[in-house]
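Below is one structure, written out as structure tokens; comments come after it.
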Amino acid sequence: MTKLVQNLNRLRSEIDEKGVKLVAVSKYHPVDMLREVYDAGQRIFGESHVQELEEKQKVLPSDIEWHFIGHLQTNKVKYIAPYISLIHAVDTLKLLREIDRQAEKAGRTIDCLLQVHVAKEETKYGFLPDELRLMLDEGEWRQFSHARICGLMCMATNTDDEQQIRSEFNEVHQLFDELKARHFSTIATFSELSMGMSEDYKIAIEAGSTMIRVGSLIFGERIY
Ligand SMILES: *Cc1c(COP(=O)(O)O)cnc(C)c1O
């Protein structure tokens, strides 16, 4: 068994029984490595650059569920709309609108998560909790029949302070519950909380994550 497959299996044995989904984050890694992990049974892969995703999607098996996990520019939605399964980091209403438009053109529904900005400084992307409340209250999203909001996503601060990470994940979980009750109580598909990466997935799962995005723990260090 290769190192990658060992890494994958170790992780799966930890999370499968908890019903947590694994997004294997394969950005910057060559297709041969993805194929290795695919052959070991992994079907969900996460990429964060459109061009790289395009190249991989063309040559890898068609039953892969591709997730876009990075910052997505509005003008690039059209390239991935025909096949993307889940867009994790929707950070503006404008982007959601464009996803809806391109999904309709492609004759599909595209699942989306709304990115919440909770980390201290790490990323400039994502809705602040109050911006998200406002956006959902305003209600334009209800007209989008091809972009389906399926939950929330966040990145915690990159720190050794576990308490800080835990409190950020808990904050997003609470926000999820609040928004579920207010806007999505009858919408069963609003059910995902994408939280946790190689360094903090255990804390994320304790805080209620349903989907972790793990790269280096499976594929090793990325070469930029
Ligand atoms: C790269 C990336 C990950 C995976 O990071 P690792 O530390 O390698 O597990 C997860 N989420 C997002 C948004 C990323 O960009």
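Index from 1, following the sequence.
Shown here are the side chain to side chain contact (heavy atoms under 4.5 Å, CB included) partners of Glu206, two or more places apart in sequence or in another chain: Arg166. Partners of Asp161 under the side chain to side chain contact (heavy atoms under 4.5 Å, CB included) rule, at least two apart in sequence or in another chain, are Thr159, Gln163, Gln164. By the side chain to side chain contact (heavy atoms under 4.5 Å, CB included) test, Ser198 pairs with Val214, Ser216, Leu217, sequence neighbours left out.
No continuous path of hydrophobic side-chain contacts links Tyr28 to Val31 [ILVMFWY only; heavy atoms under 4.5 Å]. By the rule that hydrophobic residues join a cluster once side-chain heavy atoms approach within less than 4.5 Å of another member, Met153 and Leu72 end up as members of separate clusters. One hydrophobic cluster, built from ILVMFWY side chains closer than 4.5 Å, holds both Ile44 and Met211. Following chains of ILVMFWY side-chain contacts shorter than 4.5 Å, one can reach Tyr201 starting from Leu8, so the two form part of one hydrophobic cluster. No path of Ile, Leu, Val, Met, Phe, Trp and Tyr side chains, each step under 4.5 Å between heavy atoms, connects Leu95 with Met155, placing them in separate hydrophobic clusters.
For the atom pair CZ (Phe68) and SG (Cys112), the distance works out to 12.5 Å, reported to the nearest 0.5 Å. Rounded to the nearest 0.5 Å, atoms CG (Asp200) and CE (Met195) are 9.5 Å apart. Between atom CD of residue Glu199 and atom CD of residue Glu162 there is a gap of 10.5 Å, rounded to the nearest 0.5 Å. Here the straight-line distance linking atom CD of Glu178 with atom CG of Leu132 works out to 9.0 Å at 0.5 Å rounding. Rounded to the nearest 0.5 Å, atoms CG (Leu34) and OG (Ser26) are 4.0 Å apart. Met197 CE to Ile165 CD1: the interatomic distance, rounded to the nearest 0.5 Å, is 10.0 Å.
Among Leu175, Leu136, Asp91, the one residue that satisfies the side-chain contact (heavy atoms from CB on, under 4.5 Å) test with Leu114 is Leu136.
Counting only heavy atoms from C-beta outward, the side chains of Arg148 and Ile110 never approach each other to under 4.5 Å. In this structure, the side chains of Ile205 and Glu14 stay at 4.5 Å or more apart for every pair of heavy atoms. No side-chain heavy atom of Thr189 sits under 4.5 Å from any side-chain heavy atom of Asp111. The closest side-chain heavy-atom distance from Val25 to Lys27 is below 4.5 Å. You'll find the side chain of Arg43 reaches within 4.5 Å of the side chain of Tyr38, heavy atoms only. Side-chain contact between Tyr125 and Gln115: present, with at least one pair of heavy atoms (C-beta onward) separated by less than 4.5 Å. Contact of the Ser194 side chain with the Leu152 side chain is not registered, since no non-hydrogen atoms from C-beta on lie closer than 4.5 Å. Put simply, the side chain of Ile212 does not reach to within 4.5 Å of the side chain of Val23, judged on heavy atoms.
The aromatic rings of Phe190 and Phe184 sit parallel, their planes meeting at an angle under 30°, below the 60° perpendicular limit. In this pair, His29 and Phe219 present their aromatic rings parallel. The plane angle is below 30°, not in the 30 to 60° band.
In terms of heavy-atom proximity, Ile84 sits nearest to Trp66 at CD1-O, 3.5 Å. When all heavy atoms of Leu113 and Cys150 are compared, the pair lying nearest together is CD2-C, 3.7 Å. Looking at every heavy atom in both residues, Ala106 comes nearest to Ala81 through CB-O, 4.1 Å. A pairwise comparison of heavy atoms in Ser209 and Leu193 identifies OG-O, 3.3 Å as the closest pair. Taking both residues in full, the closest heavy atoms of Thr109 and Ser145 are given as OG1-O, 4.2 Å, listed atom of the first, atom of the second, then distance. Closest of all the heavy-atom pairs between Phe127 and Val90 is CE1-O, 3.4 Å.
Put simply, the side chain of Glu140 never gets that close to the backbone of Met135: no donor and acceptor are under 3.5 Å apart. Under the 3.5 Å distance criterion, the side-chain polar atoms of Thr157 are matched with a main-chain donor or acceptor of Lys120. In this structure a side-chain-to-backbone donor-acceptor pair under 3.5 Å is missing from Glu171 to Val118.
The hydrophobic cluster of Leu128 has no other members, since no ILVMFWY side-chain heavy atom comes under 4.5 Å of it. Other residues sharing the hydrophobic cluster of Val5, ordered by chain and number and joined by side-chain separations under 4.5 Å: Met1.
If you check the side chains of Glu98 and Thr74, you find no donor sitting under 3.5 Å from an acceptor. In this structure, a donor-acceptor pair under 3.5 Å is present between the side chains of His183 and Asp137. Neither side chain, Gln51 nor Tyr79, offers a donor N or O lying under 3.5 Å from an acceptor on the other. Between Glu54 and Tyr83, the side chains place a donor N or O and an acceptor N or O closer than 3.5 Å (distance only, hydrogens not considered).
For residues 87-115, the pairs satisfying ring-ring contact (aromatic ring centres under 6.0 Å, His included) are His67-His88, with sequence neighbours left out.
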Checklist entry - Could you go step by step and tell me if Gln6 and Thr2 meet the side chain to side chain contact (heavy atoms under 4.5 Å, CB included) rule? => result CA-CA 6 Å; Gln6 281 173 21; Thr2 68; over 6 Å; no
Next on the checklist: Would Ser191 and Thr210 count as a side chain to side chain contact (heavy atoms under 4.5 Å, CB included) here? Give the steps.
Outcome noted: CA-CA 8 Å; Ser191 58; Thr210 64; over 6 Å; no
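Electrostatic pairing of Lys56 and Glu47 counts as a salt bridge here, judged by a charged N lying under 4.0 Å from a carboxylate O. A salt bridge links Asp32 with Arg35; the closest basic N to acidic carboxylate O contact falls under 4.0 Å. Under the 4.0 Å criterion applied to side-chain N and carboxylate O atoms, Asp100 and Arg97 are not assigned as salt-bridge partners. Under a 4.0 Å N-O distance rule, the pair Arg101/Glu104 does not qualify as a salt bridge.
Summarising the local packing, NZ of Lys21 is surrounded by 12 or fewer heavy atoms from other residues, nucleotides or ligands at distances under 6.0 Å. With a 6.0 Å radius and a threshold of 12 heavy atoms from other residues, nucleotides or ligands, Glu36 has its CD atom above the threshold.
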